[in-house]
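So the structure is just underneath, and the comments pick up after that.
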Amino acid sequence: MPTLDVKSLHFAWFAGHVLTLLGGTFFILSQLFLHPSNILYYLTYLGAAISYGIVIYQSYGIPSTSGNYIHQLLLDENGHYLSLAIFWLLISSQQVSIGVIPYATYSAFHVISFARSNLLGDANKDLQVKLKNWTDAYYGGAMRFVAIIEVVGITARLVLSLIYPFRVTPLLVYCFFLRFRYLSSSYTRQAFRDVDQKLSTVLPPAAKPTYDGFRNMLSRLVNIPIQQQQQQSSSSSSSSTNNNNTSTSSN
(Lines give C-alpha, C1' and ligand atoms only; values in the text may rest on other atoms or scores of the structure.)
Protein backbone atom coordinates (compact mmCIF):
# COMPACT_ATOMS: atom_id res chain seq x y z
CA MET A 1 0.00 0.00 0.00
CA PRO A 2 1.38 3.47 -0.84
CA THR A 3 2.88 5.50 1.98
CA LEU A 4 0.46 8.20 3.03
CA ASP A 5 1.46 11.24 5.07
CA VAL A 6 -1.73 12.43 6.74
CA LYS A 7 0.07 15.57 7.94
CA SER A 8 0.95 16.74 4.43
CA LEU A 9 -0.75 19.51 2.49
CA HIS A 10 -1.57 16.95 -0.17
CA PHE A 11 -3.65 14.96 2.28
CA ALA A 12 -5.28 18.15 3.58
CA TRP A 13 -6.18 18.97 -0.03
CA PHE A 14 -7.73 15.52 -0.36
CA ALA A 15 -9.61 15.92 2.95
CA GLY A 16 -11.03 19.22 1.71
CA HIS A 17 -12.37 17.55 -1.41
CA VAL A 18 -13.83 14.68 0.63
CA LEU A 19 -15.61 17.23 2.80
CA THR A 20 -16.91 19.03 -0.28
CA LEU A 21 -18.07 15.81 -1.93
CA LEU A 22 -19.84 14.43 1.14
CA GLY A 23 -21.24 17.78 2.23
CA GLY A 24 -22.49 18.59 -1.25
CA THR A 25 -24.00 15.15 -1.83
CA PHE A 26 -25.88 15.04 1.45
CA PHE A 27 -26.94 18.68 1.13
CA ILE A 28 -28.47 17.99 -2.30
CA LEU A 29 -30.22 14.93 -0.86
CA SER A 30 -31.54 17.04 2.03
CA GLN A 31 -32.92 19.49 -0.53
CA LEU A 32 -34.63 16.70 -2.45
CA PHE A 33 -36.24 15.38 0.73
CA LEU A 34 -37.30 18.93 1.73
CA HIS A 35 -35.14 19.02 4.86
CA PRO A 36 -32.29 21.34 3.81
CA SER A 37 -29.31 21.49 6.15
CA ASN A 38 -27.48 24.77 6.59
CA ILE A 39 -24.55 22.95 8.19
CA LEU A 40 -24.02 20.74 5.14
CA TYR A 41 -24.25 23.79 2.86
CA TYR A 42 -21.48 25.60 4.69
CA LEU A 43 -19.36 22.47 5.14
CA THR A 44 -19.37 22.03 1.36
CA TYR A 45 -17.90 25.47 0.81
CA LEU A 46 -15.52 25.10 3.75
CA GLY A 47 -14.06 22.00 2.13
CA ALA A 48 -13.79 23.83 -1.19
CA ALA A 49 -12.04 26.79 0.45
CA ILE A 50 -9.55 24.41 2.07
CA SER A 51 -8.70 22.46 -1.08
CA TYR A 52 -8.55 25.42 -3.46
CA GLY A 53 -6.73 27.48 -0.83
CA ILE A 54 -4.00 24.84 -0.62
CA VAL A 55 -3.58 24.85 -4.40
CA ILE A 56 -3.20 28.63 -4.38
CA TYR A 57 -0.75 28.51 -1.46
CA GLN A 58 1.41 25.89 -3.17
CA SER A 59 1.34 27.84 -6.42
CA TYR A 60 1.98 31.38 -5.18
CA GLY A 61 3.00 31.16 -1.52
CA ILE A 62 1.69 33.13 1.41
CA PRO A 63 -1.21 35.47 0.51
CA SER A 64 -0.13 39.01 -0.21
CA THR A 65 -1.72 42.33 -1.09
CA SER A 66 0.92 43.00 -3.76
CA GLY A 67 -0.26 43.79 -7.24
CA ASN A 68 1.59 40.83 -8.75
CA TYR A 69 -0.01 38.34 -6.34
CA ILE A 70 -3.51 39.69 -6.98
CA HIS A 71 -2.84 39.70 -10.72
CA GLN A 72 -1.87 36.02 -10.59
CA LEU A 73 -5.04 35.15 -8.71
CA LEU A 74 -7.15 37.00 -11.25
CA LEU A 75 -5.72 34.79 -14.02
CA ASP A 76 -5.97 31.50 -12.14
CA GLU A 77 -9.19 29.46 -12.20
CA ASN A 78 -8.30 28.05 -8.79
CA GLY A 79 -8.24 31.60 -7.45
CA HIS A 80 -11.69 32.26 -8.88
CA TYR A 81 -13.19 29.08 -7.45
CA LEU A 82 -11.55 29.84 -4.09
CA SER A 83 -12.90 33.41 -4.11
CA LEU A 84 -16.40 32.26 -5.04
CA ALA A 85 -16.38 29.59 -2.31
CA ILE A 86 -15.32 32.17 0.28
CA PHE A 87 -18.00 34.54 -0.97
CA TRP A 88 -20.77 31.93 -0.54
CA LEU A 89 -19.29 30.77 2.76
CA LEU A 90 -18.55 34.02 4.57
CA ILE A 91 -19.92 37.04 2.73
CA SER A 92 -23.21 36.34 0.99
CA SER A 93 -26.29 36.08 3.18
CA GLN A 94 -28.09 34.39 0.29
CA GLN A 95 -27.90 30.61 -0.03
CA VAL A 96 -27.67 29.37 -3.61
CA SER A 97 -28.24 25.66 -3.23
CA ILE A 98 -27.49 24.76 -6.84
CA GLY A 99 -24.05 26.33 -6.45
CA VAL A 100 -22.73 23.32 -4.52
CA ILE A 101 -23.15 21.03 -7.55
CA PRO A 102 -20.05 22.16 -9.52
CA TYR A 103 -17.83 21.97 -6.44
CA ALA A 104 -19.10 18.52 -5.48
CA THR A 105 -18.66 17.29 -9.06
CA TYR A 106 -15.06 18.48 -9.29
CA SER A 107 -14.35 17.00 -5.87
CA ALA A 108 -15.69 13.60 -6.93
CA PHE A 109 -13.04 13.35 -9.65
CA HIS A 110 -10.28 14.63 -7.36
CA VAL A 111 -11.20 12.12 -4.66
CA ILE A 112 -11.21 9.26 -7.17
CA SER A 113 -7.87 10.36 -8.60
CA PHE A 114 -6.30 10.60 -5.15
CA ALA A 115 -7.69 7.22 -4.08
CA ARG A 116 -6.41 5.58 -7.26
CA SER A 117 -2.91 7.04 -6.88
CA ASN A 118 -2.44 7.06 -3.11
CA LEU A 119 -4.83 4.66 -1.39
CA LEU A 120 -4.94 1.63 -3.67
CA GLY A 121 -1.86 -0.56 -3.61
CA ASP A 122 -0.43 -2.96 -6.18
CA ALA A 123 -2.92 -5.60 -5.08
CA ASN A 124 -5.73 -3.42 -6.46
CA LYS A 125 -4.46 -2.91 -10.01
CA ASP A 126 -7.77 -4.05 -11.49
CA LEU A 127 -9.70 -1.51 -9.41
CA GLN A 128 -7.23 1.22 -10.36
CA VAL A 129 -7.78 0.47 -14.04
CA LYS A 130 -11.56 0.45 -13.59
CA LEU A 131 -11.48 3.82 -11.81
CA LYS A 132 -9.27 5.30 -14.53
CA ASN A 133 -11.56 3.99 -17.26
CA TRP A 134 -14.61 5.36 -15.43
CA THR A 135 -12.95 8.76 -15.09
CA ASP A 136 -11.95 8.83 -18.76
CA ALA A 137 -15.47 7.84 -19.82
CA TYR A 138 -17.44 10.32 -17.72
CA TYR A 139 -15.13 13.30 -17.21
CA GLY A 140 -16.12 15.15 -20.39
CA GLY A 141 -19.83 14.66 -19.78
CA ALA A 142 -19.48 15.78 -16.18
CA MET A 143 -17.68 18.96 -17.23
CA ARG A 144 -20.39 19.74 -19.78
CA PHE A 145 -23.00 19.19 -17.05
CA VAL A 146 -21.13 21.53 -14.69
CA ALA A 147 -20.88 24.19 -17.40
CA ILE A 148 -24.64 24.09 -17.97
CA ILE A 149 -25.26 24.35 -14.22
CA GLU A 150 -22.92 27.36 -14.00
CA VAL A 151 -24.24 29.14 -17.09
CA VAL A 152 -27.96 28.41 -16.74
CA GLY A 153 -28.83 27.06 -13.29
CA ILE A 154 -26.88 29.37 -10.99
CA THR A 155 -27.37 32.43 -13.19
CA ALA A 156 -31.15 31.91 -13.33
CA ARG A 157 -31.27 31.51 -9.56
CA LEU A 158 -29.38 34.77 -9.03
CA VAL A 159 -31.50 36.64 -11.58
CA LEU A 160 -34.59 35.54 -9.68
CA SER A 161 -33.06 36.99 -6.52
CA LEU A 162 -33.28 40.42 -8.18
CA ILE A 163 -37.05 40.09 -7.86
CA TYR A 164 -37.30 38.72 -4.33
CA PRO A 165 -35.43 39.23 -2.16
CA PHE A 166 -33.76 42.11 -3.96
CA ARG A 167 -30.03 41.28 -3.94
CA VAL A 168 -27.69 42.61 -6.62
CA THR A 169 -24.22 41.86 -5.23
CA PRO A 170 -24.30 38.03 -5.63
CA LEU A 171 -25.25 38.39 -9.30
CA LEU A 172 -22.50 40.95 -9.97
CA VAL A 173 -19.89 38.77 -8.26
CA TYR A 174 -21.04 35.72 -10.16
CA CYS A 175 -21.05 37.55 -13.51
CA PHE A 176 -17.37 38.38 -12.97
CA PHE A 177 -16.69 34.71 -12.21
CA LEU A 178 -18.70 33.54 -15.23
CA ARG A 179 -16.90 35.94 -17.55
CA PHE A 180 -13.60 34.39 -16.52
CA ARG A 181 -14.98 30.90 -17.06
CA TYR A 182 -16.04 31.91 -20.56
CA LEU A 183 -12.53 33.13 -21.33
CA SER A 184 -10.78 30.08 -19.88
CA SER A 185 -13.07 27.08 -20.39
CA SER A 186 -14.12 25.50 -23.69
CA TYR A 187 -16.98 23.74 -21.86
CA THR A 188 -18.35 27.08 -20.66
CA ARG A 189 -18.12 28.60 -24.13
CA GLN A 190 -19.97 25.63 -25.57
CA ALA A 191 -22.66 25.97 -22.89
CA PHE A 192 -23.16 29.61 -23.88
CA ARG A 193 -23.40 28.62 -27.54
CA ASP A 194 -25.97 25.93 -26.72
CA VAL A 195 -28.08 28.37 -24.72
CA ASP A 196 -27.81 30.99 -27.47
CA GLN A 197 -28.91 28.48 -30.10
CA LYS A 198 -31.85 27.35 -27.99
CA LEU A 199 -33.03 30.89 -27.28
CA SER A 200 -32.70 31.85 -30.93
CA THR A 201 -35.14 29.09 -31.87
CA VAL A 202 -37.74 29.56 -29.12
CA LEU A 203 -37.98 33.35 -28.83
CA PRO A 204 -40.84 34.99 -30.74
CA PRO A 205 -39.81 37.17 -33.71
CA ALA A 206 -40.79 40.35 -31.89
CA ALA A 207 -38.29 39.63 -29.11
CA LYS A 208 -35.35 38.71 -31.32
CA PRO A 209 -34.09 42.27 -32.04
CA THR A 210 -33.89 42.97 -28.30
CA TYR A 211 -32.18 39.65 -27.66
CA ASP A 212 -29.72 40.19 -30.52
CA GLY A 213 -28.80 43.60 -29.13
CA PHE A 214 -28.25 42.18 -25.66
CA ARG A 215 -26.21 39.28 -27.06
CA ASN A 216 -23.98 41.58 -29.13
CA MET A 217 -23.38 43.88 -26.16
CA LEU A 218 -22.50 40.90 -23.96
CA SER A 219 -20.20 39.49 -26.63
CA ARG A 220 -18.28 42.77 -26.89
CA LEU A 221 -17.89 43.00 -23.13
CA VAL A 222 -16.51 39.47 -22.94
CA ASN A 223 -14.33 39.34 -26.04
CA ILE A 224 -12.56 42.72 -26.10
CA PRO A 225 -9.94 41.80 -23.46
CA ILE A 226 -9.40 38.19 -24.59
CA GLN A 227 -6.12 38.76 -26.39
CA GLN A 228 -4.80 40.90 -23.56
CA GLN A 229 -5.77 38.25 -21.00
CA GLN A 230 -4.08 35.50 -23.03
CA GLN A 231 -0.87 37.51 -23.30
CA GLN A 232 -0.87 38.19 -19.57
CA SER A 233 -1.58 34.56 -18.83
CA SER A 234 1.27 33.31 -21.02
CA SER A 235 3.72 35.81 -19.50
CA SER A 236 2.89 34.64 -15.99
CA SER A 237 2.64 30.92 -16.79
CA SER A 238 6.12 30.21 -15.48
CA SER A 239 5.16 31.52 -12.05
CA SER A 240 1.76 29.86 -11.88
CA THR A 241 2.63 26.19 -12.39
CA ASN A 242 0.48 24.11 -10.05
CA ASN A 243 1.51 20.97 -8.25
CA ASN A 244 0.32 18.10 -10.47
CA ASN A 245 -1.25 16.31 -7.56
CA THR A 246 -3.26 19.31 -6.44
CA SER A 247 -4.23 21.02 -9.69
CA THR A 248 -7.89 21.27 -10.54
CA SER A 249 -9.53 19.57 -13.50
CA SER A 250 -12.27 22.11 -13.96
CA ASN A 251 -11.16 23.18 -17.44
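- Residues passing the side-chain hydrogen bond (donor to acceptor under 3.5 Å, both in side chains) test with Tyr211 are Asp196, sequence neighbours excluded.
- No single ILVMFWY cluster, assembled from side-chain heavy atoms under 4.5 Å apart, contains both Leu120 and Val129.
- For residues 199-213, the pairs satisfying salt bridge (Lys or Arg N to Asp or Glu O under 4.0 Å) are Asp212-Arg215, with sequence neighbours left out.
- Residues Ile112 and Trp134 are in side-chain contact: their nearest non-hydrogen atoms beyond the backbone lie under 4.5 Å apart.
- In this structure a side-chain-to-backbone donor-acceptor pair under 3.5 Å is missing from Thr155 to Val152.
- Residues Tyr57 and Leu9 meet the side-chain proximity criterion, which asks for heavy atoms closer than 4.5 Å.
- Under the rule for a salt bridge (charged side-chain N to carboxylate O under 4.0 Å, His left out), the partners of Lys132 that lie at least two apart in sequence or sit in another chain are Asp136.
- Gln95 has its side chain within reach of Asn38: a pair of non-hydrogen atoms, C-beta onward, lies under 4.5 Å apart.
- In this view, Phe176 and His80 satisfy the ring-ring contact (aromatic ring centres under 6.0 Å, His included) rule, not counting sequence neighbours.
- Side chain of Thr20 to main chain of Ala48: a donor-acceptor pair is present (N/O by atom type, distance under 3.5 Å, no hydrogens or angles).
- In this structure, Tyr45 and Tyr41 have perpendicular ring planes: the angle between them is above 60°, well past the 30° mark.
- Counted within 6.0 Å of OH on Tyr42, heavy atoms from surrounding residues, nucleotides or ligands total more than 12; the atom is thus considered enclosed.
- Atom-to-atom distance recorded for Ile148:CD1 and Tyr187:OH is 13.0 Å, nearest 0.5 angstrom.
- Within the model, atoms CD1 of Ile149 and OH of Tyr103 stand 14.0 Å from one another, a figure rounded to the nearest 0.5 Å.
- Enclosure of atom CD1 in Ile39 is not indicated, since only 12 or fewer non-hydrogen atoms of other residues, nucleotides or ligands lie within 6.0 angstrom.
- Side-chain atoms of Arg181 and Val151, non-hydrogen and from C-beta on, never get closer than 4.5 Å to each other.
- Remark: side-chain polar atoms of Tyr182 are not paired, donor with acceptor, to backbone N or O of Phe192 under 3.5 angstrom.
- Remark: the backbone N or O of Leu183 is paired with a side-chain donor or acceptor of Arg189 at under 3.5 angstrom.
- Among residues two or more places apart in sequence or in another chain, the side-chain hydrogen bond (donor to acceptor under 3.5 Å, both in side chains) test is passed with Ser97 by Gln31.
- When atom types are taken as modelled, the side chain of Asn118 and the backbone of Phe114 share a donor-acceptor pair closer than 3.5 angstrom.
- Residues satisfying the ring-ring contact (aromatic ring centres under 6.0 Å, His included) test with Tyr174, not counting sequence neighbours, are Phe177.
- Panel note: side chain Ser113, backbone His110; no donor-acceptor pair is recorded below 3.5 Å.
- Ring planes of Trp13 and His17: perpendicular class, angle over 60° (limits at 30 and 60°).
- Criterion: ILVMFWY side-chain heavy atoms under 4.5 Å apart, direct or through other members. Under it, Ile62 and Ile50 are part of a common hydrophobic cluster.
- Between Phe109 and Tyr138, a ring centre-to-centre spacing not shorter than 6.0 Å is recorded.
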